[in-house]
Structure formats: C-alpha cells, structure tokens
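A short write-up of the structure that comes next.
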There are 2 protein chains.
Amino acid sequence: MTSYTKQTMPYGRIKAETLFDKVTTAEQAAQLFEDGMVVGASGFTKAGDSKVVLDALAKWAEHEDMKITLMTGASLGHGTDGKLTRAGVLAKRMPFQVDRMLRQAINGGEVLFIDQHLSESAELLHNQCLPPVDIAVIEIALIEQDGSIVPTTSVGNSVTFAALAKKVILEINTKVPESIFGLHDIFQPENYPHRNVIPIVAPENRIGRRSIPLDINKIEAIVFTDIQDSPADISPPDEKTIAIAQHLLHFFEAEVKKGHLTDRLLPIQAGIGKVANAVLSGFQDSNFYDLRMFSEVLQDSTFDLLDSGKMSFASASSITVSAACYERVFNNLQKYKDRVVLRPQNISNTPGLIRRLGVIAINTAIEFDIYGNVNSTHIGGTNIMNGIGGSGDFARNAYLSIFVTKSASKNDTISHVLPMVSHVDHTEHDVDILVTDVGLADLRGLAPRERAPVIINNCVHPDYRKALQSYFDRACAQRGGHTPHILEEAFSWHIRHRETGSMK
Amino acid sequence: MTSYTKQTMPYGRIKAETLFDKVTTAEQAAQLFEDGMVVGASGFTKAGDSKVVLDALAKWAEHEDMKITLMTGASLGHGTDGKLTRAGVLAKRMPFQVDRMLRQAINGGEVLFIDQHLSESAELLHNQCLPPVDIAVIEIALIEQDGSIVPTTSVGNSVTFAALAKKVILEINTKVPESIFGLHDIFQPENYPHRNVIPIVAPENRIGRRSIPLDINKIEAIVFTDIQDSPADISPPDEKTIAIAQHLLHFFEAEVKKGHLTDRLLPIQAGIGKVANAVLSGFQDSNFYDLRMFSEVLQDSTFDLLDSGKMSFASASSITVSAACYERVFNNLQKYKDRVVLRPQNISNTPGLIRRLGVIAINTAIEFDIYGNVNSTHIGGTNIMNGIGGSGDFARNAYLSIFVTKSASKNDTISHVLPMVSHVDHTEHDVDILVTDVGLADLRGLAPRERAPVIINNCVHPDYRKALQSYFDRACAQRGGHTPHILEEAFSWHIRHRETGSMK
C-alpha cells in the first residue's frame, strides 16, 4: 500500500475542485463517527468496501465507549467486520456478513444481526422501517464535477446511502482505474405512491446514469487508498462439487431436449462459491451459447465465459474475483463495459425483474428436508452461518429455483438432507430443483408426499437413505397429513449430532 | 334454479352465432372429461366457479373409474370440491382449497395437493413446469362475436386456462348481468424472453382488454346456468376480532402521526375472512380517506367503504360477498365499474406490482413463533388447513407485511404464539407486524433476540406468557445463537396438545 502524503495525493480523481479541502486521513475521518450512529457502508460480497476508514474506526473505537449500527450492501472484505467486532463497536449489523469473528459475536448474543433479503434493505430504509442513516462510507473511483460519485467494483446499497445519509465519507481507491466510469447503471425507484416501472426487459438494458447523485454539501471527508478488494478464493472444485455441476448441466440439456428451454437458456443467477463457479465453468465445453447472467455477483467463471464467447452479457451488483482476474478486468475495462453492468442491489435483486426476465436461480443450501424446505442460514437451528443474502429474492421469483448442497459432509457425519430442516429460509412453495453430488430431484408438479421419495432416492447420501425412508414411512403410517411428520422425531438427527458428533 | 330447455335458453348471451350448436347440457359436457386429464377450472374464493359442469362430472364419475388433476384459481363454492372428492375423481388438486371433505382426503393421502402461491400457478403452466391443461371449464357472462369470453365475479387463472387448454367448456351464468362487461382488465405477460413491463403504477390503471381471448375452435361445449356464487359468511366479528382490528387501526394512526404514512395510507390488501372485514369496517369511522385496495378478493366491507366515499378504488381478482351484497353489486354495476377492477390472479398478486405500489398486506396466520416465523397452512405440522393462497405473494413484497391471529383459541387450550411454528410459510425475513387480540408487535428493525420479548409481551395470551418467556430465557442460556432454540423442546407445545388436548 502506498502511503499518501498531501503532495502525492491524486487530486485528479476529484473533478469538483471545491472539495479539495475535504481531503483528509482515515484517522481524521474516523472521528466523525459517534456513539449510537447508524452507518451505511459500501461493499457487496467483499467488493468495493471501505478499506481504511472502517479500519481506522475499529482502531480508534478500541479505546472509546461507542456502539454503532452498521448496514452494508452485503459482506465486507479485509476482516473489517472482525476488526469492528473485536473493537466492540458493533451494536447491530445488517443485512449480511461472512466474518468468523462477527458470526461468533452474533451467535453469542453480543452483536445483534438482522438477516435481510438483499433487495429489501434499501426498501426498508426508504420506507422508514429502519432508523435513518447518520453517516455513509462509500468507496469510489472518482468524484464528478457535480459531486456525483463513481463506484468501484460494487454498487450495493451505495445509491440509497448516498441519498439518505446525513453525512458522507468518500474513500477514493486509486487501484481502480478511472476508466471504470461507465460500468455502472445507476437507477432508483421513485418514492411511493409515485413509483414508475423499472424499464429493464433484458439483462443488457441500461436505464440509468453512470454515477451516483450526491449532495456535495453532505461530503464531510475524502480519503485516498490504494488497497485492492479481498480476492475471491478460487481453490479448484472437489469431486462432490464437480458431481453437482454435472447433474445440473445434464438437467439443462434434458430441458432443452424437451423443448422447455433453448440452448441459450434464460438469464442465470448463481450464488457465490465453488459450486456456482463449477456450474458456470461447465458451460465452457457445452453446447449452450449466447448465455446471459442476471445475478448479484460475478465471479472468475463469468469472465472466462465472456472471454470465450459463450456468454454475451452479465448483469450484477458486484465483481468478486481472484487477484489475477482483477488484473484482467481492470486491464480490459473498455471491452467489458459493453458486456457487463453493475447495478444497485435493489435493482439486481428486485423480485419484479427476476420474474419478468425468467431467471434461472442457482443457490446454495445448508440443508434441505424431504419435502423441499431449505435452510440457507442456520446451523443446528440456532447459530447463523452467513445470512440469506439474495437467495430469497431470486428463488421466490425465478423461472427455475435451484438449490445445491453436498449430500453429506465432515466425513459424512452430517447429512444435508433431513427429516425436517432446523430453520426455514425457503419454503416448499419456492423450491423447484434440489441437487447434491448424489443426484438431482425435480420437484415441479409434485405434492409433498411425492417429493419425499424423489428426494430420498435422488439426493441422499447412501449412509442415510434407509433412515430417511424409514422416517417418511413411519410419518405416513403414524401421523399422515399433507406433510407427514413425527414432531417428536423431526429434529432427532440434529440433536444426535449435537450430542454425539454424528447424525448416524 | 331455472331448468333451461332448448327453447328458453338465452342465446342472446352468445354473440358468435356459429357457436349455437355447441350448446348442450352439463351432463353431456361432463362426458368430455377423460381419465388422466388435467382440468383447469375458473373460480377464486368461491366466486365465478363452475356451477353445473363440475357437479355433473362428480355425479357421472361416481360410476366411472377416472381420476383427474384439477387446477383452479383458488377455492370453489357449492361444495364442489367435496362432491368431486366423494366421487373419487380427484387425483391431484392445486393451488388452493377450503373444502372440509377435500381437506380430509388430502390429509389422508388420498388426494395429492400442491399448495402454490396464487400468482405462480399461471407462471408454472406457461413455463411448462406443470403438465399441460387438457380441458378448461370457465364460468362466463357472455361470449363476444370474436369468441372472446367475459368472465363473471372472478378472473382467477381463466385467462391462462383459456390460452393453454386444448378444449374449453363454457358455463354461461345468466344470474350475472351482461352489464358486467367492462369490470375486468385482461392482461397477460408475454412469453420469455420477450416479456415487457406490466404497466400498472396505480390500483386504478387499466392496461388490458375487457374480455378473455379464446380460440373459437377450442370451444367444445356451452352450458347455461343461473346458480349464484356461494355467498360469503358475514357473521359479525367477535370480541377478539374487534380487538385485533382496533390494534391495527391505532397502529396506522400512529404511523400517520410519525409521518411514515398519510391519511390516504397506501394500497391495502386484506386476506379473506372476519378479521380483514373487521379491519376494513373500522376505517368507516376513521380519519382515513381516499383509500385504495390492491388485493386479491373484495368482500362486503370494500363495497361499504366505496359507497360511503371512504374508498376511491379497489383492484382484485374476485368479488366474494354476501347474498345481499351481490344484489347491490349487480344492481349498480355501472357505478362500480369506475371504482372496481378484476384482474387475472397473476396480475393482482404479482410480486413486482406489490412492491411497486407499496401495498399494505394484512393476512391471517394459523400460528407464529417468538422470532416472527409464520405458519399459514398446517395444523400440528402435518395436516393442511386451506393453503398459502396469496399471502406469500403479498407478504414478501409488501410495504408492510402484517399477520393477524387470535392469541389463543378453543377455550384457550391452543396458544397461537409458540416457541417454534410447526410449519413455516412466511419466514422471519418477510414479517413486519404481528397482531393478536392482546396487542401488536412491531418487528421492524429488530434482530431475533429483540423480537422475542416484544412478541411475548405484546401478543401472547396471559396464560402462556410465562411459559414462553421461560422457553426463550432457557434457549438463550443453554444454547445461545442468533435464533436461540432448544430443539428438543421446540415442538413440545404441539406434542402436548396432541397428547392431552391442551397446550397448557
């Protein structure tokens, strides 16, 4: 990291010269935070997050008695959530996180967490269903003459924070080329009751402006940084992940054969992580072509598909890639600007667009049950893992709602298919296709009693198949019902695991 | 009921004279059904359902070995679902029902039921996620010269059935005045990937045509009837229902005082039933004015508000009212046509419009838990009651998502607030406000550990408050977590009720 002095600071990034005197250090900017404040910070799947101001806040707050509510787009990088947690500065956090230390504090009851659909945080703020934002911290590439700001690798909730926050701190990241200008499509719904349609009818539609409007008088501090986004983990897919991707690709091929889809498919959404990367990579050697994404995050695999010509366009709210891929993106921004767009997360994830475009949604489950209910967030019914993220935005409204998970893990002591999930994030009403390394269950048109055998036969690890079949048979025989369950036994697998370390 | 003879049949209702020779009896029309067929029938909250053809099918099928899949808009009237069940003709039923006998058959595993979001059935059919519709039975008021059809008191899924079914049977109901023409707004989204926006930006917008397009060659039979819709139950609200309505009205008044809403509120959706009727009736003597509905069903209370001038406009998919109110509506159609519109249920309930318009959604829960998860469908985790209906379409995307239920029932042996719901239809992510006769819990901006005390203090019947507080305290102490639960005990109240007849 460069240590900027007053002399070396790249003032060229600030086109509104009246703002020069707002330039300061992260440490000075951190003084703007006060106890009890609601802070809105940029950052979505670790991309475009604050690199130095929140870090400085954590350091400063270690010796202060202050607590804040922190809202972001989604997860932050650089262990920032952990640092803030360690400093004891977080009272409340929303709408998503992936930090080990923060997770521990949430589950310990020290930090309050609100797990929100990613499309909804901006709605809730606009609707005054959440307390007003006192101060925003937004990473940007540059400030335009009119004070409007150009974001970096994510848009997230920054448009909402810029509009609603009383004060704004800007972090200009010089590692991001100025030529990123034009990658973003900035559009916000009007306020009730005067809302108009969001006129997107294809992933490639641009409907807004290229910078985020900002009242220049709200800018309290401008800080420079040149720290890159935390890179995405691109460890190669394991055997089970490859199997999941293969099942899914075969399913798509079969749908094309049946005439349900064409080789172009429909716009794809893929949650972050290995499986999504593996599925997308699988398209590389397939017959599919002219693919499009309408997603929340773009990973390395998207840029591979764009480069090979398999994919024509990708729309999302952030770019979260490996260090090498960041280089590739930044060195070819001109090329990618015709093929990639970043939107606010209340546009990338908005239910109406997902239904209008007919998105194929692929998201990861922690566990699912024999009737198709999905748990995306909790371990053992109590402890949160990360959060629901955008999976609910997409699954409910998708053309196809697909959830993937390994059939078993931790030396197969945990089955990810269960009699009943210990926490429900996606109800049976919202789930079309379930995939594990064992196989794929197509639940479309099936009643609960029909789904159970399909799931048990197609998705369950062999070690657990007999026990799950036995549960279903006994539930039908002893209790019956539309959704046969033995409530006394529904969580017995989770309880056994807690007590013995294994579900077996 | 009039018994039509060939001479007395009101052929004037058929403007396309070439169709005269399709006129037949219900008994003859019933012969068109065959074993294994998928049948799409009109009808939504008992309104605009088939009166004689499905009835004739039930009679005929008693002596036949045939099974069908029956899709409707929502529930049917006149005990039709019960008659079909008794005749053993139902193999599968979707997306909603309210019939006692059918419910028993579903819970007994004799009829398979798919519980769908009401906005989604049409999507699933268009997307070929369900088997194709072989034959449609649609109640109408008249047939236009071009073969297009004018529905009666509901639109439901009839537009989709008319478009996709291979054959169509029409039931012309002469009890419904021809002047109902113009009440309906018929619009269907195009097919992927060419979908355009649904250009509704206010409840009163009309965007489509006044009759349902239909290929005249698909019409296999036309039957006359003059049987009215099953009337809605309008028994007066009880003490608890009135209390719920009062809590909710006070909440709205407080929101206006805070500047969150104006006295016009935002468009209201209210599920069917006593509580919804009581809430709407409560507006009559309030300061609210210029109210609008964007709902799925209109009840008596809506027409009272329209007549008193409190309400300006109401949009829905059906009209389900008392016998007296039917008279009122039918005698004043010209007046109401300016103030009421009926739409297909995939428009009235479509997620994008609900978010765009900022709907205030009021729906009934069977039970909810201390963290705000709602069960709308199941008793004791296994037996279905009615189905999720449109509650999910509205709750997920509403400006405010409100669920109401009595704090306790059956001599207070059942608490409707529980440690954990036995089935989840609406997750904690989708619920803003909970109301019982005891009081109202505003969950906005609260983490799970904050919600529990608010719900326990504000909504729980006094007999159960201590036990629920004890569960929460022990769950926090013994297990902790983001959502503290003791899985061994989570369903103990349901289990106790099954074993002893009381949750106490």
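Hydrogens, waters and symmetry mates are skipped; everything else that's a heavy atom, side chains included, is used. In what follows, chains carry the letters A, B, and so on, assigned in the order in which the sequence lines appear, proteins first and then strands, with residues in each chain numbered from 1. Quick caveat, the model's predicted, so the values are computed rather than measured.
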Are there residues of residues 375-390 of chain B that reach to under 4.5 Å of chain A by heavy atoms, and which ones? H378(B), G380(B), G381(B), T382(B), N383(B), I384(B), I388(B)
Check whether E499(A) gets within reach of chain B through its side chain, its backbone, both or neither, counting any heavy atom under 4.5 Å. side chain
Contacting moiety of T262(B), where chain A heavy atoms sit under 4.5 Å: neither
Apply the test side-chain contact (heavy atoms from CB on, under 4.5 Å) to residues Q116(B) and F96(B): give CA-CA distance (whole Å), side-chain angles for both, the deciding distance (0.1 Å), then the verdict. CA-CA 7 Å; Q116(B) 283 166 346; F96(B) 189 73; over 6 Å; no
Below 4.5 Å from any heavy atom of chain A, which atoms of H126(B) appear? Answer side chain, backbone, both or neither. neither
Name the region of L487(A), side chain, backbone, both or neither, that has any atom closer than 4.5 Å to a heavy atom of chain B. both
Check this for me, if you would: do R479(A) and E489(A) make a salt bridge, where the nitrogen-to-carboxylate-oxygen distance has to be below 4.0 angstrom? no
Given the options I106(A), I114(A), V111(A), L130(A), K92(A) meets side chain to side chain contact (heavy atoms under 4.5 Å, CB included) only with I114(A)
Pick from R93(A), H426(A), R498(A), M420(A) with the largest number of heavy-atom pairs that fall under 4.5 Å of chain B: R498(A)
Would the distance check show the side chain of D442(A) and the main-chain N or O of I433(A) forming a donor-acceptor pair, the cut-off being under 3.5 Å? no
Based on non-hydrogen pairs under 4.5 Å, which of D430(A), D393(A), L400(A) is most in contact with chain B? D430(A)
Cut-off 4.5 Å, heavy atoms of chain B, and the answer for Q104(A) is neither
When rounded to the nearest 0.5 Å, the distance separating CG of D369(A) from OG of S422(A) is 10.0 Å
Check for a donor-acceptor pair, side chain of N127(B) on one end and backbone N or O of E123(B) on the other, with a separation under 3.5 Å. yes
Chain B interface, residue from N107(A), T350(A), L124(A) that has the most non-hydrogen pairs under 4.5 Å: N107(A)
Heavy-atom distances under 4.5 Å only: say whether I198(A) touches chain B with side chain, backbone, both or neither. backbone
Considering only heavy atoms, which portion of E488(A) lies under 4.5 Å from any heavy atom of chain B: side chain, backbone, both, or neither? both
Residues E120(B) and R396(B) bridged, charged N to O under 4.0 Å: no
To the nearest 0.5 Å, atom NE2 of H429(A) lies from atom CG of D115(B) at 4.5 Å
Ranked by heavy-atom pairs below 4.5 Å to chain A, first place among N397(B), I486(B), D425(B) goes to D425(B)
Give the C-alpha distance, both sets of side-chain angles, the deciding distance and a yes or no for side chain to side chain donor-acceptor pair (under 3.5 Å) between S312(A) and D290(A). CA-CA 5 Å; S312(A) 309; D290(A) 195 19; 2.3 Å; yes
My understanding is that only one of V38(B), L102(B), L90(B) makes a side chain to side chain contact (heavy atoms under 4.5 Å, CB included) with L70(B); could you say which? L90(B)
Quick one: pull up CZ in F394(A) and CD1 in I268(A) and give me the separation to the nearest 0.5 Å. 12.5 Å
The reported gap from CG in L443(A) to OH in Y371(A) (rounded to nearest 0.5 angstrom) is 13.0 Å
Any idea which of R444(A), R449(A), R264(A), H117(A) has the most non-hydrogen atom pairs under 4.5 angstrom with chain B? H117(A)
Atom pair CG/CG of N346(A) and L353(A) - distance to nearest 0.5 Å: 10.0 Å
Evaluate side-chain contact (heavy atoms from CB on, under 4.5 Å) for I360(A) paired with I402(A), printing each intermediate quantity in order. CA-CA 8 Å; I360(A) 295 172; I402(A) 300 166; 3.9 Å; yes
Portion of T69(A) that has a non-hydrogen atom of chain B nearer than 4.5 angstrom: neither
As an exercise: rank G445(B), C129(B), G480(B), G392(B) by heavy-atom pairs under 4.5 Å with chain A and give me the winner. C129(B)
Which portion of P189(B) sits near chain A, non-hydrogen atoms under 4.5 angstrom: neither
List the steps and the verdict of side-chain contact (heavy atoms from CB on, under 4.5 Å) for Y471(A) and I370(A). CA-CA 10 Å; Y471(A) 176 82; I370(A) 53 171; 4.0 Å; yes
Distance col, row N205(B):CG vs F313(B):CZ, nearest 0.5 angstrom, shows 8.5 Å
Pick whichever of E428(B), R195(B), H423(B) has the most heavy-atom pairs under 4.5 Å with chain A. R195(B)
Under a 4.5 Å heavy-atom cut-off, does chain A meet the side chain of M94(B), its backbone, both or neither? neither
In terms of heavy-atom pairs under 4.5 Å, which option from V197(A), V424(A), L112(A) contacts chain B the most? V197(A)
Residue among V201(A), I354(A), L261(A) with most heavy-atom pairs under 4.5 Å to chain B: V201(A)
Under a 4.5 Å cutoff for heavy-atom pairs, which residue among Q128(B), H485(B), R356(B), R451(B) has the most contacts with chain A? R356(B)
